[in-house]
Amino acid sequence: MIIEDLLIAFGAEIQHYKAGEIIFREEDLPVYYYQIEKGKVKLNNYTEDGKEFIQNIFSDGHSFGESLLFVDRQYPMNAVAIEDSSIFRMSKSGFLNLVQTNPEISLNVYQCLAERMYYKYIMFYNLSFQNPVSKLKLLLDYLKSYHDDKAPYSFQIPLTRQQLASLVGLRVETVIRTIKQMEKDKMLKIEKRKIYY
DNA sequence: TCATTAATTCGCC
DNA sequence: GGCGAATTAATGA
């Protein structure tokens, strides 16, 4: 979200993470701004019995966890690379400095934060009260909103069923059952196990 | 071709 | 809708 040249000018460095590598953990103190150059990252939590809930998944060009740089608190979630990734890492002071000296950048940051809040708003209501079809449909709609082609079945869901399940708090089996039901209802299409929405 | 990982199925609660 | 186990398909050394 922030121009790479500017990141570098304010002290950012590229870090490489292997798939599965942890970038930061719950209860760590936020001391860096992270922006993905290339790769994929998930923010998650684990319940006591080991179940994973995915807060969000980010890919190329996205930053993550920056809201925590504005409050004096520990991270409430983990960040894990889910593919081999190259990520810009800039110190908190560099980030705050950058935001203070560049109005356009801070506006940009506001927009990112607002986007995250929007996602939380729609998901929270939906995950609290709705049935599996509604939960998955909302998630798919949200994912597709970043896709230029709005035609039906034009968007291949870039996530595994397990990841979908972890994003909406369902089990894989339920996601599989529900996705099949949605295919019957012509809401999506399945080809070679890939989901097209 | 073997190994790994994801998807799917099944029976039961 | 969740759970555990078993089967099958896809993918990539």
Side-chain angles (χ1 to χ4, degrees), chain A residues 14-26 28 34-65 75-87 116 118-197:
Chain A
I14 289 254
Q15 303 281 319
H16 298 282
Y17 297 90
K18 293 283 182 196
E21 208 172 323
I22 294 176
I23 299 164
F24 60 71
R25 298 167 190 276
E26 204 171 336
D28 280 353
Y34 296 94
Q35 180 171 314
I36 303 171
E37 194 254 280
K38 182 136 189 47
K40 212 175 249 190
V41 172
K42 66 181 175 186
L43 301 185
N44 69 4
N45 295 98
Y46 292 96
T47 60
E48 316 77 47
D49 46 343
K51 306 232 163 35
E52 179 186 28
F53 179 76
I54 299 181
Q55 297 273 356
N56 225 328
I57 293 182
F58 299 113
S59 50
D60 299 11
H62 287 101
S63 57
F64 54 90
Y75 279 119
M77 72 295 198
N78 311 289
V80 184
I82 49 183
E83 316 179 329
D84 293 353
S85 304
S86 311
I87 300 175
R116 308 292 158 68
Y118 173 77
Y119 178 75
K120 294 297 174 197
Y121 285 142
I122 61 172
M123 287 313 263
F124 189 73
Y125 162 69
N126 208 264
L127 297 188
S128 305
F129 302 113
Q130 299 299 315
N131 56 58
V133 175
S134 306
K135 292 181 185 181
L136 284 170
K137 185 173 185 309
L138 184 78
L139 178 60
L140 297 185
D141 278 332
Y142 179 78
L143 292 172
K144 189 172 176 174
S145 69
Y146 289 103
H147 182 65
D148 293 330
D149 192 345
K150 302 300 178 195
Y153 317 135
S154 66
F155 177 55
Q156 186 194 124
I157 305 301
L159 303 171
T160 67
R161 284 153 176 76
Q162 180 60 67
Q163 289 170 336
L164 292 176
S166 299
L167 278 163
V168 295
L170 294 170
R171 309 256 83 205
V172 212
E173 296 94 324
T174 306
V175 168
I176 290 170
R177 288 172 187 157
T178 307
I179 293 288
K180 282 185 175 174
Q181 184 57 50
M182 291 169 79
E183 185 189 30
K184 271 187 190 151
D185 296 339
K186 307 268 190 272
M187 295 169 68
L188 51 79
K189 216 156 48 174
I190 303 173
E191 253 172 54
K192 289 183 68 179
R193 298 186 164 201
K194 307 281 188 207
I195 302 168
Y196 295 87
Y197 184 65

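The chains referred to below are lettered A, B, ... by the order of the sequence lines, with proteins before strands, and numbering in each begins at 1.
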Item to check | Residue list, side-chain hydrogen bond (donor to acceptor under 3.5 Å, both in side chains) with A:Ser86, at least two apart or on another chain | outcome: A:His16
Next on the checklist: Expressed as a whole number of angstroms, how long is the span from A:Glu83:CD to C:dG12:C1'?
Outcome noted: 15 Å
Item to check | Rounded distance in Å - NZ (A:Lys194) to P (C:dA10) | outcome: 10 Å
Checklist entry - In whole angstrom, what separates A:Arg193's CZ from B:dT5's P? => result 16 Å
Checklist entry - What integer distance in Å separates A:Leu170:CG from C:dC3:P? => result 11 Å
Next on the checklist: Using whole Å, what does the distance between atom P of nucleotide B:dA6 and atom CD of A:Glu52 come to?
Outcome noted: 11 Å
Checklist entry - Is the number of heavy atoms from other residues, nucleotides or ligands within 6.0 Å of CG (A:Asp148) greater than 12? => result no
Checklist entry - Rounded to whole angstrom units, what separation is found between the CG atom of A:Leu159 and the P atom of B:dA7? => result 10 Å
Checklist entry - Just how far, in rounded Å, is P of B:dA6 from CD1 of A:Ile82? => result 11 Å
Checklist entry - What residues form a ring-ring contact (aromatic ring centres under 6.0 Å, His included) with A:Tyr142, not counting sequence neighbours? => result A:Tyr119, A:Tyr146
Item to check | Pairs flagged by side-chain hydrogen bond (donor to acceptor under 3.5 Å, both in side chains) wherever residues 120-133 of chain A is involved - sequence neighbours left out | outcome: A:Gln55-A:Lys120, A:Tyr125-A:Gln130, A:Asn131-A:Ser134
Checklist entry - For the pair made of CD1 in A:Ile190 and C1' in B:dT8, what is the distance, rounded to whole Å? => result 11 Å
Checklist outcome for this item: Expected list for residues 171-179 of chain A near DNA chain B, using heavy atoms below 4.0 Å, is A:Glu173, A:Ile176, A:Arg177
Next on the checklist: List the residues meeting ring-ring contact (aromatic ring centres under 6.0 Å, His included) with A:Phe53, not counting sequence neighbours, and say none if there are none.
Outcome noted: none
Checklist entry - Has A:Lys51 got a side-chain N or O lying under 4.0 Å from the OP1 or OP2 atom of C:dG2? => result no
Item to check | Phosphate OP1/OP2 of B:dT8: any A:Arg161 side-chain N/O under 4.0 Å | outcome: yes
Item to check | Pairing residues for A:Lys137 by the side-chain hydrogen bond (donor to acceptor under 3.5 Å, both in side chains) criterion, not counting sequence neighbours | outcome: A:Asp141
